[in-house]
Each structure stands twice: as structure tokens, then as C-alpha cells.
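Each remark here refers to the structure printed beneath this line.
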Amino acid sequence: MRTAALGPEQRANALARMAETELDVLVVGGGIVGAGTALDAVTRGLSTGIVEARDWASGTSSRSSKLIHGGLRYLEMLDFALVREALKERGLLLERLAPHLVKPVPFLYPLQHRGWERLYAGTGVAMYDVMSVSSGHGRGLPRHRHLSRRHALQAAPALKKGALVGALQYYDAQVDDARFVATLVRTAAEYGARAANRARVVGFLREGERVVGARIEDLEQGGEYEVRARQVVNATGVWTDDTQGLIAERGQFHVRASKGIHLVVPKDRINSTTGLILRTEKSVLFVIPWGRHWIIGTTDTGWDLDKAHPAASSADIDYLLDHVNEVLALPLTRDDVEGVYAGLRPLLAGESEATSKLSREHTVAHPVPGLVVVAGGKYTTYRVMAKDAVDEAVRGLDHRVAECVTEEVRLAGAEGYAALWNGRARLAQRAGLHVARVEHLLGRYGSMTEEVLDLIAKEPALREPLPAADDYLKAEVVYACTHEGARHLDDVLTRRTRISIETFDRGARSAQECAELMAPVLGWDSGQVDREVEHYRKRVEAERESQLQPDDQTADAARLGAPDIVPV
């Protein structure tokens with residue numbers, strides 16, 4: 001099937017076409033739920049548009065723990081339905097929908113008490129495996145196993161000997177969350193959805209009480225569009241209440257933001273062949289393998305400050321370092337931290353619950369005719385949330401609509417991935433790349449790797465890695481702009497690649513070269529290149545400054561010292 005590109009020309013055409021004819025469904029919000037909703041709607045045969053005020057996945061959906069998981073801690077809360085649902089989705093993604101993007105990852109759970117803890121935790125992990133297999137999509141992962149202390153320390157020599165009496169090892173899955181969302185949007189576009197990022201909803205169109213579309217501001221080229229739609233879906237995550245405010249509707253529920261921060265450290269700082277899951281007094285702490293790095297997270301604290309750029313404070317960083325160092329033989333210090341990122345979970349608000357107790361269930365509502373709201377949930381269950389949102393929207397349409405088919409719709413890059421992986425040595429030889437480079441590309445693009453290699457064939461200089469971030473090829477920067485909707489330097493360094501958290505300079509040394517690679521595709525002159533580089537470096541400075549501040553308020557003020565990029 002032809003792969004849709006999300007380049008500058010396609011974006012402009014999508015906005016123009018959305019304004020020309022009435023859509024069946026307009027999705028507002030380009031995170032995981034919005035992207036999933038657009039794919040669900042368009043694959044039912046509905047004319048569909050999706051708009052995002054900033055970049056695809058620029059909010060919560062690029063700042064998660066990068067896990068596709070059932071949620072062991074929800075078992076402890078006796079939320080069996082949520083865990084079973086999430087494990088089914090995990091299996092679907094691993095086996096059918098996105099095997100190029102979603103990969104198995106092992107975790108070790110250290111036991112600190114003899115006897116009862118092994119029985120208690122072992123029962124939970126056994127249930128986790130049984131529920132996974134019973135979903136019909138869980139046979140691709142190894143089963144859990146019990147380890148003695150000696151065998152646990154062989155798997156994770158970084159652990160203090162006194163930190164455990166034994167361990168359990170089990171498997172979950174991980175994903176590059178931002179890349180997954182961009183791939184979802186491209187898949188929806190393949191089936192005919194019209195997609196535009198940097199397109200902000202500034203108001204809703206009304207006919208009496210009914211919502212009949214939205215007014216959309218083009219933040220790149222300027223101007224405003226009126227897009228009419230029979231149903232509008234508000235999938236804006238932590239911005240749900242703000243979006244509802246555009247129609248002066250209080251809504252049937254509220255969404256609260258919970259901040260979670262993560263640290264990224266080099267692989268050689270923690271000697272282990274497996275990820276770790278640790279108990280804290282509030283929740284759990286993960287140490288997650290991430291290429292040549294580890295991700296350590298997360299925190300769970302209420303946040304009512306700037307939603308676009310949540311800031312990690314010094315106290316947040318100390319919290320994670322203190323807890324992980326309780327079990328590490330060689331403790332980590334601030335000097336070991338390459339990257340820090342903070343994200344906001346959209347949680348359905350109760351009256352007085354602590355954020356860690358708020359529901360990860362989702363809800364769908366139809367507060368006024370023509371407008372559907374979907375909120376809550378977790379990344380892993382995005383497809384179920386999308387289905388429920390479209391089911392609700394369909395009730396407001398005046399014609400019969402097909403049932404959801406996204407259980408069968410492979411994401412762009414999945415078809416043919418296994419065959420290319422098996423032939424990766426030949427592919428590498430043909431492209432003039434080391435096989436490890438081709439494996440890296442296949443794990444990011446699947447069968448779309450051939451499109452990246454086509455760029456290299458046309459311009460061999462793009463075969464070279466970026467000097468200051470050599471995990472990535474120059475071709476990937478160009479491809480991000482021609483095919484993946486990147487509009488600004490921040491999009492490439494933060495979401496299309498992970499250079500912003502995988503290098504000690506936070507991407508500052510790569511900024512100039514990346515901007516110059518992007519310029520011909522996006523039509524930048526030298527002045528815009530300079531503005532993009534200066535903006536990115538100021539962003540890095542502001543984030544570093546925020547991470548020295550003692551609390552949320554001072555960290556937020558420091559982070560806001562770098563304003564958003566304004567295109568010229």
C-alpha cells in the first residue's frame with residue numbers, strides 16, 4: 001500500500017481540503033487518542049480530518065515511560081478489567097498492528113522479604129501472564145520466572161547484594177511513543193484522513209445548540225479556516241477542559257493533570273541485562289532499557305501550572321535518584337544524567353483523591369449535539385478509547401456506519417517488516433550501511449526504511465551519521481520533514497529523534513546541522529535557520545535552569561523563560 005507523506009505540501013492541501021467540504025468527523029488533538037480516533041473513523045469509511053495545535057504527540061504522548069503494558073499495579077488495585085483490556089492491546093500491537101515499533105522488554109522485580117513476598121508477588125505476575133494468554137494475543141512473550149538472589153545478581157550485577165533476597169522476572173513491551181503517534185497519523189492519512197499539525201482550534205461553529213465544526217488558525221502560514229463537520233471529537237488530553245471552554249460548557253467531568261518526570265542515563269552507568277521495577281512509598285519506579293541508555297521514572301504529583309511545558313524541578317530529580325540509588329551498588333549522581341523530561345497524565349478528576357489514586361479508566365461523553373469528548377485512559381489502551389469515541393460520534397450521524405476494524409489495520413511500516421528484518425544483511429549491503437544501522441532504521445520505520453534509503457540513494461551525503469548524535473543518520477532529519485510532518489527544529493530533536501534526551505548537550509551541538517538539513521525541505525532562509533537554532537538553544541538553557549529550581553513554581557517560571565517558536 002502506498003505510504004502517505006506528511007510534508008509541507010500535504011499539510012497545506014489537507015487544511016485547504018478540510019475547509020472545502022463538510023467532514024463526517026473532525027478530531028481535535030494530535031496525541032495518541034486523537035490519532036487513534038482519526039484512524040478508527042477513516043477506516044470505517046467516514047470522511048475524517050485531524051488537527052493539532054502544536055506538533056504530533058507534543059504533549060503527554062511524547063513524554064511517557066515508553067511502555068506498552070497491562071499495569072501490574074492495577075492488579076493490586078483489583079482493576080482486573082483494565083489490566084485484561086491493556087494486555088489484549090499489548091498483544092495486538094506486538095503480534096499484528098505494529099511489530100516494528102513495539103518490542104518485548106524484560107523486567108526484574110527484586111524481592112526484599114522471604115516467603116510471603118515471593119508468594120504474593122509471584123501470584124500477581126502469574127495472573128498477569130494468564131490474563132495475557134487468555135486475551136488471545138499474549139503468546140509472543142516469555143512467561144515469568146522465579147530467580148534466586150545469585151541468579152538475579154547475574155542478570156543485574158548493578159544491584160546491591162543486600163537489596164534483595166531473590167527476584168521475579170517478567171516481560172512487558174516498550175515503544176517510542178512520539179514515533180508511534182506520527183505513524184498512526186500517517187496510517188490514517190493513507191486511508192484518506194486529512195491531517196494538519198500547527199493548526200489550532202480557536203473556536204467552534206454553532207447552529208443553535210449544535211456544534212457543526214471549528215475555526216482553525218494556521219500557525220505556520222497564517223490565516224483562519226472554517227471546517228465544518230457533522231461530529232467533532234475533543235481528544236485534547238490535559239487540555240480537555242480548556243477546549244470545552246471554547247463552547248462555554250462545563251462538561252460532565254473534569255480532567256486533572258498529574259506530572260511524571262523521567263531521567264535518561266547512559267547504558268554503562270547501570271550494569272544490567274534487564275529492566276528493573278521497584279516499589280516506592282507512593283507507586284512503582286521503572287528502570288527501562290532504551291537503546292544505549294536507561295530511562296528512570298516516574299513521579300506522580302499534581303500539576304496546575306503551564307500545560308505545554310511542564311517542568312522538572314530539582315526535587316523531582318532528587319526523588320528519582322534517591323530511590324534508584326537505594327538498590328544500586330554504584331549510585332548515580334547528577335553528572336550521570338543525560339536527559340530529563342516531564343509529562344502530564346490526563347486523569348479523570350474526583351473530588352479529593354490524590355493523583356496516584358485517580359482512575360486510569362477513560363470516559364466518553366456527548367455534552368452538546370455534534371461534540372464528543374474522550375478523556376482519561378492510558379497510552380496502551382488508546383485503540384479502545386478511539387473506538388468508544390467513534391462509536392459515540394456515529395450515534396449523531398444520520399446514516400449507517402461500519403463497525404470498528406482497527407484490530408485488523410496494521411500501522412504504516414508493519415506490512416513487510418518481518419521479511420525486511422530477515423533480509424537486513426542484504427539490505428545493508430545494498431545501501432552501503434553497517435547492518436546495525438539498518439536494524440536501527442527497521443526498528444524505527446519498519447518497511448518504510450526503504451523510503452529513507454531512497455533519500456540516501458539520491459543524496460549519498462545523507463548516509464552519514466550526525467556528528468554530535470551518531471545514533472541517527474542525516475537522512476532521518478530530512479525524512480522527518482518530507483514524510484513525518486516535522487515543521488521545526490524542536491520537532492526533530494525532541495520527537496522524530498530523541499537527541500534532546502539522549503545526549504549530554506541535550507541536542508545543542510546538533511542544532512545547527514539539523515536546521516541546515518531541514519531548511520531546503522521547509523523553505524527556510526538563513527534568518528529562519530538562525531532563529532530555529534537560537535530558539536532551541538534557549539529552550540535547552542531554560543530547561544536546565546528549571547531543573548536547578550527547588551519546587552514546581554520556580555521551575556515553571558524558569559522553563560517559561562524560553563517562548564515557543566514563532567514562524568516568519
Side-chain angles (χ1 to χ4, degrees), residues 6 27-43 48 50-71 82 85-86 88-90 92-94 97-98 100-102 173-189 193 195 197 233-240 243 255 257-258 260 262 298 307-308 310 341 343-348 360-364 372-390 404 406-407 409-414 484-485 491 494-496 498:
L6 299 178
V27 181
V28 181
I32 184 65
V33 177
T37 301
L39 179 60
D40 188 294
V42 76
T43 53
T48 304
I50 178 171
V51 292
E52 160 59 41
R54 296 185 297 147
D55 183 28
W56 305 119
S58 57
T60 303
S61 297
S62 60
R63 308 178 192 197
S64 74
S65 296
K66 322 289 187 240
L67 293 177
I68 298 292
H69 63 137
L82 178 63
E85 180 179 82
K88 175 188 174 183
E89 295 304 310
R90 184 191 72 177
L92 275 171
L93 289 164
L94 278 165
L97 304 184
H100 56 312
L101 298 174
V102 180
Q174 71 176 166
V175 68
D176 184 328
D177 47 9
R179 172 151 300 283
F180 189 91
V181 172
T183 304
L184 261 182
V185 176
R186 289 185 67 184
T187 309
N197 54 353
V233 178
N234 174 6
T236 51
V238 293
W239 287 272
T240 297
T243 309
V255 173
S258 166
H262 296 80
T298 181
K307 295 188 181 80
Y341 64 94
L344 301 177
R345 305 174 190 87
L347 302 180
L348 298 179
R360 297 311 303 273
E361 299 281 3
H362 68 274
T363 193
V364 175
V372 172
V373 185
V374 55
K378 58 202 292 282
Y379 195 106
T380 303
T381 56
Y382 81 89
R383 197 192 61 80
V384 179
M385 296 176 67
K387 175 186 178 299
D388 290 349
V390 177
C404 172
T406 53
E407 273 199 32
V409 177
R410 290 171 176 259
L411 269 59
E484 296 182 328
D491 301 343
T494 306
R495 286 172 290 279
R496 303 309 183 279
R498 292 303 188 157

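Numbers here simply count residues along the sequence, with the first being 1.
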If I take atom [atom1] from residue [X] and atom [atom2] from residue [Y], how far apart are they, to the nearest 0.5 angstrom?
| X | Y | atom1 | atom2 | answer |
| --- | --- | --- | --- | --- |
| M385 | T363 | CE | OG1 | 9.5 Å |
| Q174 | L67 | CD | CG | 7.0 Å |
| E52 | T236 | CD | OG1 | 9.5 Å |
| L411 | L101 | CG | CG | 7.0 Å |
| S64 | D176 | OG | CG | 9.0 Å |
| I50 | L39 | CD1 | CG | 10.0 Å |

Measure the shortest side-chain to side-chain distance between [X] and [Y] over non-hydrogen atoms and say whether it is less than 4.5 angstrom.
| X | Y | answer |
| --- | --- | --- |
| E89 | L92 | yes |
| R179 | E484 | yes |
| L184 | I32 | yes |
| P346 | V238 | yes |
| R496 | W56 | yes |

Between [X] and [Y] (side chain of the first, backbone of the second, donor and acceptor by atom type, cut-off under 3.5 Å), is there such a pair?
| X | Y | result |
| --- | --- | --- |
| T187 | A412 | yes |
| T43 | D40 | yes |
| Y382 | T37 | no |
| T60 | R345 | no |
| N197 | G485 | yes |

What are the two closest heavy atoms between [X] and [Y], and how far apart are they?
| X | Y | result |
| --- | --- | --- |
| Y379 | I68 | CD2-CD1, 3.8 Å |
| K378 | A86 | NZ-CB, 4.0 Å |
| A375 | T240 | CB-OG1, 4.1 Å |
| H262 | S65 | NE2-OG, 2.7 Å |
| L6 | A182 | CD1-O, 4.5 Å |
| G34 | V27 | O-CG1, 3.5 Å |

(Q) Less than 3.5 Å apart, any donor N or O on the side chain of R495 or S62 sitting next to an acceptor on the other? (A)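 Looking only at side-chain atoms, S62 and R495 do not form any donor-acceptor pair under 3.5 Å.
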
Q) Can T380 and H69 be counted as having a side-chain donor-acceptor contact under 3.5 angstrom? A)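 Side chains of T380 and H69: no pair found under 3.5 Å.
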
(Q) Going by side chain to side chain contact (heavy atoms under 4.5 Å, CB included), H362 matches just one of V33, V384, L348. Which one? (A)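 Testing each of V33, V384, L348 against H362, the sole residue satisfying side chain to side chain contact (heavy atoms under 4.5 Å, CB included) is V384.
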
Q.
I'd like to know whether V374 forms a side-chain contact (heavy atoms from CB on, under 4.5 Å) with D388, so could you lay out the CA-CA distance, the side-chain angles of the two residues, the decisive distance to 0.1 Å, and finally the verdict.
A. CA-CA 8 Å; V374 55; D388 290 349; over 6 Å; no

Q: Could you tell me whether K387 and E407 have a side-chain N and a carboxylate O separated by less than 4.0 Å?
A: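 Not counted as a salt bridge, because no side-chain N and carboxylate O are separated by less than 4.0 Å.
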
